[in-house]
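Below is one structure, written out as structure tokens, with a few remarks after it.
Everything quoted here is computed from the prediction, not taken from an experiment.
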Amino acid sequence: MENVKKVLYSAVQPTNNLTIGNYIGAISNWKKLQDDYDCFFAIANMHAITVRQNPAELRQRTLSLLALYIACGIDPEKCVLYLQSHVSAHAELCWVLNTFTYVGEMERMTQFKDKSARHTENINMGLMDYPVLMAADILLYQADCVPVGLDQRQHVEIARDIAQRFNNIYSPTFKVPEALYMKTGAKINDLQNPEKKMSKSAENPNGAVFLSDDRDVVIRKFKRAVTDSDSLIKYDPETKPGVSNLLTVYSVFSQKSMAETEREFEGKGYGDLKLAVGELVADKLAPIQSEQARLLSDKTYLDEVLKRGALLANKAASRTLGKVYKKIGFYQL
Ligand code: ATP
Ligand code: LTN
């Protein structure tokens, strides 16, 4: 019987260390979805260079992120794990899609505005073109759905617009993708500033918990988390952003519903909640960290995974690129 599984696509940039926000909003969900979809998971190193990177670190972070994907339970036999720069079709399709994207649209993107404010010394074309490259990533694989955190909503939306624009001018060529957000954890907030998203490149390092943090660091960061002045443990992101954020992290890592989580902390104080979340997160990160370290010591294996991924990804991507070149009138031999 023909393969009827839908296609799922996502990626993370190998910049900085990942936070529990990246884990909860993105990677932890991929594991749950890998049996139901044909999955492509990329390491977006071409996106990463839109902000200046140290070459040795970028190289090292690439393998480290691959090892993390696998340590988080993503099976390289079931899914295609690959490095974006190993598939030249990404850059090629991006060029074509650039001609279907307006400068004004890109200037209005929130992430572009944020990042150009943070990197005033290097507002390069790549930073502005970031969403078009992301659209190329997704559309090359004819992805049905894209599991990401809420901060990527605008980027998936523009990928849909570009796909529809192209399909309308020529004929149906690209699948129009849907973003997939998880009910809980699509936006984890900064522990020190709970109204802002937790980010890899946060100014205050106490606000973000990194997947590489040691047990005592994790516990200390949660102990110092900002809450509020009353003492009621209740999920209410509007009036209690700090407490709600802690409850969300607890609920995701314990795999308990929010109602169950609230019940568990009934009558307890903020100190109890912070300690319980810290210990739980540290317990859950420990096996991931040790598996990641084990994988990183086997570079031959990681290279094999990337080689297989590049082969399969190139095969799928070149099929779409071929169709696009034909439709737009590129002479073919
Ligand atoms: P940076 O701060 O360097 O821009 P980032 O932390 O936003 O990076 P990305 O590589 O842009 O990380 O994102 C990887 C994935 O993690 C994306 O799917 C994104 O939506 C998700 N993600 C990032 N931060 C959070 C968060 N705080 N809560 C939930 N999901 C998140
Ligand atoms: N921009 C994304 C990373 C990314 C991505 C993608 C996510 C690059 N290409 C394609 C989904 C689909 C981010 O998380 N910052």
Which heavy atom of [X] sits nearest a heavy atom of [Y], and at what distance?
X    : Y    : answer
M106 : P131 : SD-CG, 3.8 Å
V148 : S10  : CG1-OG, 3.9 Å
V12  : L65  : O-CD2, 3.6 Å
P76  : L81  : CB-CD1, 3.9 Å
I233 : G269 : CD1-O, 3.6 Å

Quick check: do [X] and [Y] have side-chain heavy atoms less than 4.5 Å from each other?
X    : Y    : value
K221 : D213 : yes
Y102 : D161 : no
N206 : R224 : yes
K31  : C72  : no
D283 : R215 : yes
L139 : L97  : yes
K197 : I188 : no

Rounded to the nearest 0.5 Å, what's the gap from CG on L211 to CG on L285? Could you check? 6.0 Å
Would you kindly say whether Y325 and E92 are connected by a side-chain donor-acceptor distance under 3.5 Å? yes
Any donor-acceptor N or O pair under 3.5 Å, side chains Y270, D228: yes
Quick check, are the ring centers of F210 and Y23 under 6.0 angstrom apart? no
Counting the benzene-type ring for Trp, do F112 and H155 have ring centres under 6.0 Å apart? no
For [Y], is there an ion pair with [X] - N to carboxylate O distance below 4.0 angstrom?
X    : Y    : result
R263 : E260 : no
E262 : K234 : no
D230 : K240 : yes

ring-ring contact (aromatic ring centres under 6.0 Å, His included) partners for F265, two or more places apart: Y250
Taking it one step at a time, do D303 and T300 satisfy side chain to side chain donor-acceptor pair (under 3.5 Å)? CA-CA 5 Å; D303 282 354; T300 317; over 6 Å; no
Over 12 non-hydrogen atoms of neighbours within 6.0 angstrom of CD in E195: no
Give a yes or no on this: more than 12 heavy atoms of other residues, nucleotides or ligands lie within 6.0 Å of atom CD of E238. no
Could you tell me which residues satisfy side-chain hydrogen bond (donor to acceptor under 3.5 Å, both in side chains) with S64, sequence neighbours excluded, listed by chain and number? Q292
Working for side chain to side chain contact (heavy atoms under 4.5 Å, CB included), residues Q53 and T15: CA-CA 8 Å; Q53 302 292 324; T15 48; 3.4 Å; yes
Hey, does the side chain of N124 reach the backbone of L127 with a donor-acceptor pair shorter than 3.5 angstrom? yes
Describe, in one word, how the ring planes of H90 and Y9 are oriented to each other, choosing from parallel (under 30°), tilted (30 to 60°) and perpendicular (over 60°). tilted
Just distance, no hydrogens or angles: give the donor-acceptor pairs under 3.5 Å from side chains in residues 39-48, sequence neighbours left out.
residue : atom : partner : partner atom : Å
N45     : OD1  : S85     : N            : 3.2
N45     : ND2  : S85     : OG           : 2.8
H47     : ND1  : Q84     : NE2          : 3.2
H47     : NE2  : Y130    : O            : 3.1
H47     : NE2  : M134    : N            : 3.3

